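The chains referred to below are lettered A, B, ... by the order of the sequence lines, with proteins before strands, and numbering in each begins at 1. Note that these values count all heavy atoms, side chains included, but never hydrogens, waters or copies made by symmetry. Since the structure is predicted, the reported quantities are computational estimates derived from the model, not experimental observations.
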2 protein chains.
Amino acid sequence: MANDREVTIYDIARELNISATTVSRGLQDHPTISKKTKKKIFDLAERLGYRSNHFARSLRNQKTNTLGIIVPRLNSHFMSSVIAGIENAANEQGFSLLIAQSSESSVKEAASVRTMFDSRVDGLLVSLAVDTAELSHFEHFFKKNIPVIFFDRVMPHENSVNILIDNRQAAYNATRHLIEQGCRRIMHLTAPILQNVYKDRLKGYKEALGEYKIKFREDYVVITNLSQEAGAEVAKTILKMKTLPDGIFAANDTCAIGCMLAMKEQGIRIPEDIAFAGFNNDPVTQVIEPHLTTINYSGYEMGQVAARHLIDHVRDVSFVSSTNTIILRSELIVRASSLKKGRK
Amino acid sequence: MANDREVTIYDIARELNISATTVSRGLQDHPTISKKTKKKIFDLAERLGYRSNHFARSLRNQKTNTLGIIVPRLNSHFMSSVIAGIENAANEQGFSLLIAQSSESSVKEAASVRTMFDSRVDGLLVSLAVDTAELSHFEHFFKKNIPVIFFDRVMPHENSVNILIDNRQAAYNATRHLIEQGCRRIMHLTAPILQNVYKDRLKGYKEALGEYKIKFREDYVVITNLSQEAGAEVAKTILKMKTLPDGIFAANDTCAIGCMLAMKEQGIRIPEDIAFAGFNNDPVTQVIEPHLTTINYSGYEMGQVAARHLIDHVRDVSFVSSTNTIILRSELIVRASSLKKGRK
DNA sequence: ATAAATAACACAATCGGTTGCAATTTTAGG
DNA sequence: CCTAAAATTGCAACCGATTGTGTTATTTAT
């Protein structure tokens, strides 16, 4: 029953006594093919179980209908949401996804970029590794005018679009909220300041302090890898300080939670002794007690927007430079971890 | 500087005054090409920035060096760990990944299978959607002898390999642990019993009960979609029961946690009133208080094993039928949520 | 020195579809 | 019925790499 050979347009052509050209055009709904012929072609194709050969087509038109994705890690809530969003949008438009993770290493990132390039992806979606300092490894793409979109962890570049939230504003809001709750000694846990996300969050943090005439202290900014373990480590250090901080704003939820758990273990009361705010609205924020105040923004949506935009680019190269940056909405979600005043 | 045209073996051939055949063979380190010529070819290829054309090669050898992955959801901790593991192994072996999610729908699953088939992936890694009842949509793959590996949510099939843990044993261990802690009225929260994972966990649960002469009660098994919200819903229902259960074994952590949070809110003490055990060792298990007892098994490892195995298949079709099922290790991690006795 | 063996490389067909242009058929107008 | 215009369809080259088979140059053996 099952013929092991692949059905090609030549098989259809032979059977119908027409040329492969006509079959090819018929399948593409080309206007110069008569309706009658088209119908015959479609019917037979259906009956024979014809499937277009992706490679032959890609080889010929230099298009793959595939998007490349490179992210620091696949297994974080945020990133997997983004990927899910991308998958959703791409799938809708008939695009496939080629995915790689850089494991937060710019070297691996460069290698993946190379692989994607070799695979001739039609476009690239990237969130940068924490130690990526410049974009030279994307030169191949820029040179060939293959669209590249950076999301979340971005870096400005004239030939590409950035999709992100207003990290400065979000951090400002979070910090300001802590201040309004009465915090005056607010620490900031973050990652190496190479990336926009951390740079801008730091900026927002400073800005809020400044607005309330709170002096910025260098030693109140702690640089870590933002893992849960790192959060626990930081807690130890903090607990040794002469004067404890009364608020902590972490650049991600995971780290905030690591820190909270360690502190609770040492009898620190949250938010009475120290109030907490995180970033990302990871599901764990609603599991920890007290629930963690955080910045919410949808990874799923970011993925969808990024993918749709990229596909538009791919389909119409002309509109390249019209858009440069897309800012998505984000919001502060206040929960018990930071509510010193007005608690029920 | 940047030549927009792609460099091909013909360019190299022309420049070196040799044939494309020789270039092709040289690049493949074919023995019949002299070392001297090879060196010249490699050097020029390097200098010209030659990159093999994936499509031309795939078209010619009917191999794509790409694996397909279909999972129910991308954004769960477990699944994204699996994907990370697969990515790691595949990348090591020079394979690319094509990823799609079924969103727990067998219809979307079938569509993705089709796409993967059209994309001519060399092999397929699948974790089934919750409502997938049979494997007919994989027939194309089976017929053409393209290896398919099922992991975690599997279904036996003569032409494919299953990779999973011993769900029955794990569930048995968890349930038994609850019993040993003094629980006698143990409920089981799970998903529709279509999938092996839930069927086997139920089996293990029953088995443990049986061993301790505890009568199995149909109404103690609750079928949900295992989301956190579902867990909270179930909590409400349970709290209305005449006699409360004294232990709950959930088929995943998320659901267990939703249930725990809702119960805590109603003043139920955990584990004193009700002990809890979950499944998966999701990070939230160590955030919730008390920390959740659970079954730990590594998604990352499962992904690696699955990918490596699949690649072995792809490379050597002959060894197809030697392995049928691979069982990975899993372990019960006892935490405070279930420790009624011997607590410090 | 010459036949035989071996090493090194090239020809040409092939994978499956696409497309510019030419060829053929159909339809329309006179 | 004849011819120009319009509608259909086919020819053949091409996308880039691979490979069985044939050819030429170089060694080795006699």
Side-chain angles (χ1 to χ4, degrees), chain A residues 3-42 44-45 48-66 94 117-122 144 146, chain B residues 3-42 44-45 48-66 94 117-122 144 146:
Chain A
N3 197 326
D4 207 36
R5 281 272 292 100
E6 214 46 68
V7 180
T8 73
I9 55 172
Y10 296 100
D11 299 325
I12 298 181
R14 195 176 328 108
E15 189 118 345
L16 253 33
N17 253 312
I18 55 181
S19 75
T21 305
T22 305
V23 176
S24 172
R25 291 206 172 103
L27 256 13
Q28 292 174 80
D29 203 24
H30 194 104
T32 72
I33 304 297
S34 71
K35 299 220 194 318
K36 212 192 305 173
T37 310
K38 273 181 196 165
K39 173 141 177 45
K40 283 198 293 188
I41 293 173
F42 274 117
L44 185 58
L48 259 39
Y50 166 80
R51 311 266 71 215
S52 156
N53 186 314
H54 190 229
F55 305 114
R57 167 175 288 137
S58 294
L59 176 58
R60 179 62 219 221
N61 18 303
Q62 314 278 16
K63 285 257 174 284
T64 63
N65 257 257
T66 301
F117 187 72
D118 292 352
S119 298
R120 308 290 204 275
V121 294
D122 289 341
K144 294 207 60 178
I146 303 170
Chain B
N3 199 325
D4 207 37
R5 280 271 294 98
E6 214 47 66
V7 179
T8 72
I9 54 171
Y10 298 100
D11 299 326
I12 298 179
R14 193 175 332 106
E15 190 117 346
L16 253 34
N17 254 313
I18 55 181
S19 75
T21 304
T22 304
V23 176
S24 173
R25 292 208 169 101
L27 255 13
Q28 292 174 80
D29 204 23
H30 194 102
T32 73
I33 305 298
S34 71
K35 299 219 190 325
K36 213 192 303 174
T37 310
K38 274 180 195 164
K39 174 143 177 43
K40 280 198 295 188
I41 294 173
F42 274 116
L44 185 59
L48 258 39
Y50 166 80
R51 311 268 69 214
S52 158
N53 186 313
H54 191 228
F55 306 116
R57 168 176 285 135
S58 294
L59 176 58
R60 179 61 219 223
N61 4 304
Q62 313 279 16
K63 285 254 174 285
T64 63
N65 258 258
T66 301
F117 187 72
D118 291 354
S119 298
R120 308 290 205 276
V121 295
D122 289 341
K144 297 207 58 177
I146 302 169

Looking only at side-chain N and O atoms, does B/Q28 come under 4.0 Å of OP1 or OP2 in D/dT18? yes

Value in whole Å for how far the C1' atom of C/dT19 lies from NE2 of A/H30: 9 Å

For DNA chain C, whose closest nucleotide is more 5', that of B/R120 or that of B/P31? B/P31

Whole-Å distance separating the CG atom of B/N53 from the P atom of C/dG16: 16 Å

Check whether any side-chain N or O of B/S24 sits under 4.0 Å from OP1 or OP2 of D/dT18, and answer yes or no. yes

Select base, sugar-phosphate, or nothing to describe what B/I33 touches, counting heavy atoms under 4.0 Å on all strands. sugar-phosphate

Assess whether one donor atom and one acceptor atom, taken from the side chain of A/T21 and the base of C/dT19, lie less than 3.5 Å apart. yes

Can you tell me if A/R57 and A/S52 form a side-chain donor-acceptor pair at under 3.5 Å? yes

Given side chains that start at C-beta, do those of A/N53 and B/R120 come closer than 4.5 Å, heavy atoms only? yes

Looking at A/S19, does any N or O in its side chain come under 4.0 Å of the phosphate oxygens OP1/OP2 on D/dG10? yes

Would you say the side chains of A/S24 and A/Q28 form a donor-acceptor pair under 3.5 Å? yes

Report the distance from atom CG of A/N65 to atom P of C/dT18, rounded to the nearest whole Å. 12 Å

Would you indicate, yes or no, if C/dT18 has its OP1 or OP2 atom less than 4.0 angstrom from a side-chain nitrogen or oxygen of A/Y10? no

Distance check needed: C/dC9 P versus B/R14 CZ, whole Å only. 19 Å

Does a side-chain N or O from A/R25 land closer than 4.0 Å to OP1 or OP2 of C/dT19, or not? no

Any sub-3.5 Å donor-acceptor pair from A/D122's side-chain atoms to A/N65's backbone N or O? yes

So what does B/S52 touch, heavy atoms closer than 4.0 Å: a base, only the sugar-phosphate, or nothing? sugar-phosphate

Given C/dG16, is OP1 or OP2 found less than 4.0 Å from the side-chain N or O atoms of B/Q62? yes

When rounded to whole Å, the NE2 to C1' distance for the pair A/H54 and C/dC15 reads 15 Å

Go nucleotide by nucleotide along DNA chain C from the 5' end; which of B/R60 and B/A20 gets its closest nucleotide reached first? B/A20

Hydrogens and angles aside, do B/T22 and B/S19 bring a side-chain donor and acceptor to less than 3.5 Å of each other? yes

Scan A/S34 against the nucleic acid and name what it touches under 4.0 Å (heavy atoms): base, sugar-phosphate only, or nothing. sugar-phosphate

Could you state the CG-C1' distance from A/L59 to C/dG16, rounded to the nearest angstrom? 9 Å

Test item: B/K39 side-chain N/O and B/S34 main-chain N/O as donor-acceptor pair under 3.5 Å: no

B/N17 CG to C/dA8 P, straight-line distance once rounded to whole Å: 19 Å

Using a 4.0 Å heavy-atom cut-off across all strands, classify B/I18 as base, sugar-phosphate, or nothing. sugar-phosphate

Identify whether any heavy atom of B/T37 sits under 4.0 Å from a base atom; if not, whether one sits that close to sugar-phosphate; answer base, sugar-phosphate or nothing. sugar-phosphate

How close or far is atom C1' of D/dG16 from atom CZ of A/F55, stated in whole angstroms? 14 Å

